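All values derive from a computational prediction rather than experimental measurement.
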Amino acid sequence: TTLFRSKKMYENKIDPEKILDFIEKRCKVQVEYTRPDNTVLLIEGFDFSDPRILRRKPVISCEWTAQAVVAYKIMADYFSEDNPNKSKDYRMKSDYYMAQLENVAIVKGGIVKHKGIGLPLIVMALPYASKEDIDTGHGWRTPQGQQTTSLASTIYTIFANEGYNCFELDSLNYSGHFQYKNSLKSE
């Protein structure tokens with residue numbers, strides 16, 4: 001759902017809620033994640049594909065989980081006026097999966113705003129996935145190395161934290177600062 005605004009999707013007879021329901025039913029997984037300090041955590045997120053189809057154990061894609069967080073935030077905003085309960089449910093999901101991503105951070109510390117530059121100061125980095133050297137089902141494998149960080153996962157987690165939809169061109173204002181516009185219903 002991050003590719004289009006929710007309103008446009010509905011206008012084109014695409015239901016973003018059905019898409020989110022599909023990924024929740026087919027790609028949501030819970031895995032044991034071993035952090036570089038050997039702490040084992042039970043975390044939940046989204047796989048690259050349905051692991052049953054790939055015939056492998058589940059793995060969490062940090063990038064794709066962060067994209068789901070953005071989608072949940074978009075849907076929370078979309079329903080904020082017309083259906084506050086549904087909006088709250090989507091906001092709770094976005095908060096939950098954001099916390100799950102913070103649990104897999106290799107360099108812990110959270111995302112801190114630094115006044116003056118307008119962008120978040122990165123004080124954490126995320127792995128590409130919860131397991132190394134795993135078939136994604138899309139023609140590549142996850143990187144090797146327990147402490148290998150991923151720019152894609154880290155950037156998408158920043159986007160998720162900011163509620164920034166990188167596929168919506170007017171989300172970035174002219175000064176270059178992140179500015180999420182609630183333009184879902186105003187077109």
Please determine if K25 and D21 form a salt bridge, counting it only when a charged side-chain N lies under 4.0 Å from a carboxylate O.
yes
Applying side chain to side chain contact (heavy atoms under 4.5 Å, CB included), run through C62 and V104 and close with a yes or a no.
CA-CA 8 Å; C62 297; V104 301; 3.7 Å; yes
Should F79 and K88 count as side-chain neighbours, where that means a heavy-atom distance under 4.5 Å?
no
Close side-chain approach of M75 and K93, heavy atoms under 4.5 Å
no
Got Y96 and E44 here, is their nearest side-chain heavy-atom distance under 4.5 Å?
yes
Heavy-atom closest pair, residues V31 and P58:
CG1-O, 3.5 Å
Considering only NZ, NE, NH1 and NH2 on the basic side and carboxylate oxygens on the acidic side, decide whether D47 and R26 come within less than 4.0 Å.
no
Do the non-hydrogen side-chain atoms of L20 and Y90 ever get within less than 4.5 Å of each other?
yes
Taking M92 as the starting point, is it possible to reach Y78 by hopping between hydrophobic residues whose side chains are less than 4.5 Å apart?
no
Do I60 and V29 come close enough that some side-chain heavy atom pair is under 4.5 Å?
yes
Answer yes or no: is there a side-chain heavy-atom contact under 4.5 Å between T157 and I155?
no
Do the side chain of S94 and the main chain of K73 share a donor and acceptor less than 3.5 angstrom apart?
no
